[in-house]
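Read through the structure below, which is laid out as structure tokens, and then see the notes.
Numbered from 1 within each chain, the chains take letters A, B, ... in sequence-line order.
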Number of protein chains: 2
Amino acid sequence: MRASDKAYAALRDDIIEWRLAPGTVLTEVEQSERLGISRTPLREALGRLSAEGLTAAGGRGVVVTDISLEDIDELFELRETLEGRAAALAAERGDAATFEQLRRELLHAPELIGGAEPALQAYYDLVGRLDAAIDAAISNAYLAQAMRSLRVHLVRVRRLAADDAERLTAAAAEHAAIAEAIAAGKPRLAEAATTVHLHRSLSHVKATHVPHQKEHHG
Amino acid sequence: MRASDKAYAALRDDIIEWRLAPGTVLTEVEQSERLGISRTPLREALGRLSAEGLTAAGGRGVVVTDISLEDIDELFELRETLEGRAAALAAERGDAATFEQLRRELLHAPELIGGAEPALQAYYDLVGRLDAAIDAAISNAYLAQAMRSLRVHLVRVRRLAADDAERLTAAAAEHAAIAEAIAAGKPRLAEAATTVHLHRSLSHVKATHVPHQKEHHG
DNA sequence: ACTTCCTTCAGTGTATACACAAATCCCCGC
DNA sequence: GCGGGGATTTGTGTATACACTGAAGGAAGT
């Protein structure tokens, strides 16, 4: 693994998991020493992060970007646009058997949610497989790319919300509805189910959202 | 201006204007010598280009990406999704006077189109101002960013088509219709007008498209 | 003649040194 | 005591040297 990849992954995780608070300035020498690499690969990592919008390269050093409540609204507005269309396209072009299988698994998801850590991870993986199946079904590299770049920010937002078992169970049912609509080849329904799911998701995030306090070092 | 910015702008223009054929491998030492800079800033430029999708960093050296006919279809599919929604949002949130003014100017655009080079540039600027006005009106940084990253590829596609005066005149009328719908505050109509415009645009591109032959150097 | 191994080399990945810009801080003058 | 100007420090931008890897070409053996 290249040093720049390692630095990118480390910094990306630190930002997504809110270990690096928004507003933190990432100095090249400091971070390169922390990660045990040189400035050159670190700069590449910072460039990638800034391209994704996780950091912003303002005048002196790059700073970790913040996510405000307005940002979350904007994020979900774009998400609704992209994923709604993606679900519709998947219903038109996707393989019914694939999504039927996913739907069946999603109906059994509540058993995973109540469980401990590994079972919960299995649930998240399942949702991830639904996303991947949609990505593959739409056969549109540009749309898939746009959604991928969105998901980075969404993971960050998800960490802000309290994902209780109740919400996760409901979300699983919503996902199952999306998979069912796609499997049935109903684009309008798939888009509507996605819209419903995203609105409920957004409501939950905004309801349980607790502002992260910035950890001012020093 | 930084050396990396200069390199980025130069390479970006070379690719967009099809002076660098798809499949061309951009070697770091070669390009850095050609542009009169060092490898370090050039690498940053190549990184940005690859992030945008203008180049792909496969194993050995980065290569200029190709745009196939399927790519154009996918590109316009995403474009329809994003710009349709953007037009609708602009109709909801935009300032009527701004778009009314743009509509009036677009109605006079045919006078510019017939003219020589500078007048044609004035027309392209006018269309660009409409795009910028929509970007500003939607007040959604993520959506605006997604559209910006798309436009790079669209400029590249536009260079493939023969933009005759007839098509440009029709396009101006379609743009005027979009501006009118936004000014009138009619989201559905604005989205529909955008859809119509993009489909006509796509048809024109595909009808007049001439495949670029790759210039194999040596 | 074909295959295989070794050599060589082109090219990237990384580290480091140097140059330059900006911000801060201290000292001197008032 | 306060303000201004210069030095110092901090950090980025760029260049270059070195290491490593993967590929291509040739030579030798079968």
*Between protein and nucleotides 10-20 of chain D, map the contacts as a letter string: B base, S sugar-phosphate only, - none, heavy atoms under 4.0 Å, written 5' to 3'.*
BSBBBBBB---
*Which value, rounded to the nearest 0.5 Å, describes the distance between A:Thr81 atom OG1 and B:Leu89 atom CG?*
7.0 Å
*asked:* What's the separation between atom CG in B:Leu11 and atom CD in B:Gln31, rounded to the nearest 0.5 Å?
replied: 5.5 Å
*Do B:Ser50 and B:Thr55 have side-chain N/O donor and acceptor atoms under 3.5 Å apart?*
yes
*Can you tell which of B:Ile16, B:Asp14, B:Ile15 makes a side-chain contact (heavy atoms from CB on, under 4.5 Å) with B:Arg12?*
B:Ile16
*Note down the inter-axis angle between the two ends of the helix from C:dA1-D:dT30 to C:dC30-D:dG1, five pairs each, to the nearest 10°.*
10°
*Parallel, tilted or perpendicular: which fits the ring planes of B:His175 and B:His197, with parallel below 30° and perpendicular above 60°?*
tilted
*Kindly indicate, with the supporting measurements, whether the criterion salt bridge (charged side-chain N to carboxylate O under 4.0 Å, His left out) is fulfilled by A:Glu100 and A:Arg104.*
CA-CA 6 Å; A:Glu100 176 57 27; A:Arg104 271 197 295 269; 3.4 Å; yes
*asked:* Could you check whether B:Glu80 and B:His199, counting side-chain N and O atoms only, form a donor-acceptor pair closer than 3.5 Å?
replied: yes
